[in-house]
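In what follows, a single structure is set out as structure tokens and then discussed.
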Protein chains: 2
Amino acid sequence: MDMGNRKRLILQAIIEDYINSAEPVGSRTISKKYLTGTSPATIRNEMSDLEDMGYIEQPHTSAGRIPSDKGYRLYVDKIMKQDKINEAQREMIKREFVESLGEIDRLIKHASKLLSQLTQYTSIVMAPQFRRTSIKQVQLLRIDRAVVLAVIVTNAGIIKNSVLRLKQDIQPDALIRITSMINDKMAGLDVEEIEKFDFQDMLNNSLGHSEIIEQVVPELIQTLFYSDTSEVYHDGVSNILNLPEYSDINKARDFLNIMEERELLFKVLNDVREDVSVSIGKENKLEQFKECSLITATYKINNKVIGSVGIIGPTRMEYSKAISVVECMTNNLSEILTSILKR
Amino acid sequence: MDMGNRKRLILQAIIEDYINSAEPVGSRTISKKYLTGTSPATIRNEMSDLEDMGYIEQPHTSAGRIPSDKGYRLYVDKIMKQDKINEAQREMIKREFVESLGEIDRLIKHASKLLSQLTQYTSIVMAPQFRRTSIKQVQLLRIDRAVVLAVIVTNAGIIKNSVLRLKQDIQPDALIRITSMINDKMAGLDVEEIEKFDFQDMLNNSLGHSEIIEQVVPELIQTLFYSDTSEVYHDGVSNILNLPEYSDINKARDFLNIMEERELLFKVLNDVREDVSVSIGKENKLEQFKECSLITATYKINNKVIGSVGIIGPTRMEYSKAISVVECMTNNLSEILTSILKR
DNA sequence: ATTAGCACTCAATACAGTAGAGTGCTAACA
DNA sequence: TGTTAGCACTCTACTGTATTGAGTGCTAAT
């Protein structure tokens with residue numbers, strides 16, 4: 001069966017009406033609101049075809065039609081017009097960001113809040129990922145007799161630090177030697193290399209500091225990776241309770257449960273590779289997202305992908321708006337992060 | 001009217017049955033399950049008295065009775081027996097904590113998760129508060145030409161740090177001089193003093209570094225306070241959707257909204273002064289908590305109150321269990337934090 | 001002081017009937 | 001051959017009514 005232009009218009013009408021109303025769309029509605037020149041009967045015939053082709057489905061006889069995942073997919077890829085985001089919102093993202101200078105962490109949280117406010121869905125955002133870069137430099141700073149602050153600077157300019165509390169005192173000169181030892185061995189390593197980093201070698205040339213090295217190095221590595229996975233933020237979870245699909249308390253609870261699993265959210269965002277990607281319903285790998293759509297985009301520092309953000313909503317999502325918001329957001333994020341780190 | 005022992009037993013029966021069932025409790029139920037020797041009619045008379053005294057109320061004629069806030073209050077203060085937490089759970093808190101060494105931050109998040117898991121309510125936890133201590137020492141570390149890491153050590157041993165990105169380069173020797181200047185002026189100050197700290201004086205003796213000082217000091221102060229208020233964690237929000245009182249989607253949404261307002265949660269926890277405190281229903285200052293109960297407790301480092309944790313649940317909360325979990329948790333937290341910082 | 005008995009109240013449930021939205025099919029029409 | 005009007009049919013959602021059952025308050029007996 002071939003996909004005439006009228007079928008396409010009808011599919012579009014069904015999807016856009018359903019996005020707004022969350023109610024099955026009938027032939028009369030389409031005839032009255034969208035294709036005024038065409039009678040309901042004709043539209044019914046076309047709808048029957050569209051159903052055979054798998055683009056729409058019927059919840060039950062005598063109900064209207066709702067789009068299927070396949071229908072949304074076609075809509076996103078071929079039918080919808082891009083860029084529904086208005087100038088005011090675009091401006092808002094820009095302005096809000098200029099105001100929210102300060103530390104990267106704050107910027108990221110703010111981005112999350114803004115995303116959920118603008119889309120009225122739930123947003124997830126990951127902080128710039130150390131894992132995506134390599135170590136440029138490590139500094140160890142003596143805070144107290146047995147307390148050391150480790151500062152790691154990555155080649156993207158991200159700074160991570162962690163407090164290390166040692167079992168024994170450490171002398172300033174010992175710390176200096178250890179620091180340069182660590183820098184010798186570890187600077188320039190990327191994530192895979194660090195993960196399988198063997199510091200036996202270091203212990204052998206430890207000049208008597210082996211005990212301290214044994215404490216410092218694993219702790220250093222562990223804290224780095226931990227801090228990465230833990231830095232996932234979300235916002236606007238309460239928004240989804242406005243949607244009729246979540247008026248079933250069980251679905252709402254399932255959703256909330258997912259949003260409390262940071263590890264899971266991290267995994268989702270960490271898998272993102274494309275610039276902007278849309279996963280509709282069952283296209284999602286995660287069982288828990290089979291009834292959601294997920295729009296993700298990556299952001300960059302110095303043109304190197306370093307993190308990603310996402311919007312989670314129902315499959316009847318305002319795709320064009322959500323996509324352009326996410327896109328606009330990551331562009332701004334990339335720009336600001338790059339400029340912050342250049343300063 | 002006087003509060004005989006039987007009235008007390010009946011009130012206890014009503015409260016404990018209602019805590020479990022969330023259904024109004026009738027005289028027959030009490031007669032059968034709690035006071036087997038007494039007839040429903042007698043219990044009805046007593047209940048009528050209890051209602052007059054304001055300890056219980058009736059949702060409508062021909063329904064059973066439910067406890068009022070005042071009833072819960074009496075129950076918590078006078079009737080309930082302490083310490084329902086079992087040894088296994090007590091052990092769990094202890095064991096889990098020993099395993100979760102590592103950084104304070106992680107410990108705090110873990111505490112939050114544990115609290116909500118053990119109680120099946122929602123937990124909120126604040127990280128150790130810088131505001132509750134004073135500055136012991138400030139160190140500025142040069143990361144890059146115009147990037148400085150500020151490390152503040154408080155007299156409780158908490159370490160906070162923030163990355164400062166300056167408009168111009170800074171030389172190592174200038175940094176050293178500025179550092180000692182800042183330490184001279186700011187070390188020993190507590191929160192009120194820092195909040196109204198006037199660095200005009202410093203600018204006058206700036207030895208030509210005034211521009212840098214103008215950037216560094218306000219940023220330092222701001223970041224410190226910001227990092228404090230932002231470090232509030234919560235967990236188990238989805239638990240409340242298991243409760244029948246939140247089967248109304250609107251209530252659930254209101255609750256979620258509150259839990260996304262970190263500032264608000266911070267304020268709640270920051271107001272806590274007592275060791276363990278229970279606020280029941282309308283006793284809460286916050287409008288949004290008028291239908292909840294809030295159990296909070298403080299934790300200490302070196303016997304100085306430095307933060308607090310809380311459990312939020314419905315007014316028909318398992319008070320005795322929640323109280324003992326919270327108590328046990330803060331005790332462990334205090335102990336571990338103190339020992340970590342002593343190491 | 002306690003209890004049995006009884007009339008009364010009210011929410012929740014079940015049920016039947018109705019309205020309305022929507023479809024599929026057929027036949028007529030351009 | 002594509003389009004449309006008409007019609008019978010289906011299914012849900014809603015509405016009004018009756019019924020049930022839990023629970024109370026009151027009264028009178030113990």
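Owing to the predicted nature of the structure, the values given are computational and were not obtained by experimental measurement.
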> Which residues within residues 35-42 of chain A lie with some heavy atom under 4.0 Å of an atom in DNA chain D?
Replying inline: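 Of all residues in residues 35-42 of chain A, the ones placing a heavy atom under 4.0 Å from DNA chain D are G37(A), T38(A), S39(A), A41(A), T42(A).
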> Would you say a side-chain N or O of T61(B) is under 4.0 Å from OP1 or OP2 of dC10(C)?
Replying inline: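 Answer is yes, contact under 4.0 Å.
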> Any side-chain N or O of S27(A) less than 4.0 Å from the OP1 or OP2 oxygen of dT23(C)?
Replying inline: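 So the side chain of S27(A) is within the cut-off, an N or O lying under 4.0 Å from OP1 or OP2 of dT23(C).
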> Yes or no on side chain to side chain contact (heavy atoms under 4.5 Å, CB included) for V309(A) and I124(A), after CA distance, side-chain angles and deciding distance?
Replying inline: CA-CA 6 Å; V309(A) 311; I124(A) 53 180; over 6 Å; no
In whole angstroms, how far is the [atom2] atom of [N] from the [atom1] atom of [X]?
X: N45(B); N: dG5(C); atom1: CG; atom2: C1'; value: 14 Å
X: I14(B); N: dG23(D); atom1: CD1; atom2: P; value: 12 Å
X: R65(A); N: dA21(C); atom1: CZ; atom2: P; value: 17 Å
X: E57(A); N: dG22(C); atom1: CD; atom2: P; value: 17 Å
X: R28(B); N: dG25(D); atom1: CZ; atom2: P; value: 16 Å
X: K7(B); N: dA1(C); atom1: NZ; atom2: P; value: 11 Å
X: I43(B); N: dT3(C); atom1: CD1; atom2: C1'; value: 11 Å
X: D17(A); N: dG22(C); atom1: CG; atom2: P; value: 10 Å

> Where each residue is assigned the nucleotide of DNA chain C containing its nearest heavy atom, which of H60(B) and E46(B) is assigned the position nearer the 5′ end?
Replying inline: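 That would be E46(B).
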>> Both R6(B) and R44(B) contact DNA chain C. Which one's nearest nucleotide lies toward the 5' end?
In response: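 It is R6(B) whose nearest nucleotide is closer to the 5' end.
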> Any salt bridge between E291(B) and K251(B), counting N to O under 4.0 Å?
Replying inline: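 Salt bridge present between E291(B) and K251(B).
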> Can a salt bridge be assigned to the pair R73(A) and E283(A) using a cut-off of 4.0 Å between side-chain N and carboxylate O?
Replying inline: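 A salt bridge is present here (some side-chain N lies under 4.0 Å from a carboxylate O).
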> Only one of R65(B), R44(B), E46(B) forms a side chain to side chain donor-acceptor pair (under 3.5 Å) with S27(B), so which one is it?
Replying inline: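 Testing S27(B) for a side chain to side chain donor-acceptor pair (under 3.5 Å) against R65(B), R44(B), E46(B) leaves exactly one candidate, R44(B).
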> Between the side chain of T122(A) and the main-chain N/O of G236(A), is any donor-acceptor distance below 3.5 Å?
Replying inline: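 Side chain of T122(A) to backbone of G236(A): a pair is present.
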>> I'd like to check L115(A) versus D235(A) (side-chain heavy atoms, cut-off strictly below 4.5 Å). Are they in contact?
In response: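 With C-beta onward as the side chain, the pair stays apart.
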> Do the non-hydrogen side-chain atoms of L265(A) and Y233(A) ever get within less than 4.5 Å of each other?
Replying inline: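 Not touching, per the 4.5 Å side-chain cut-off.
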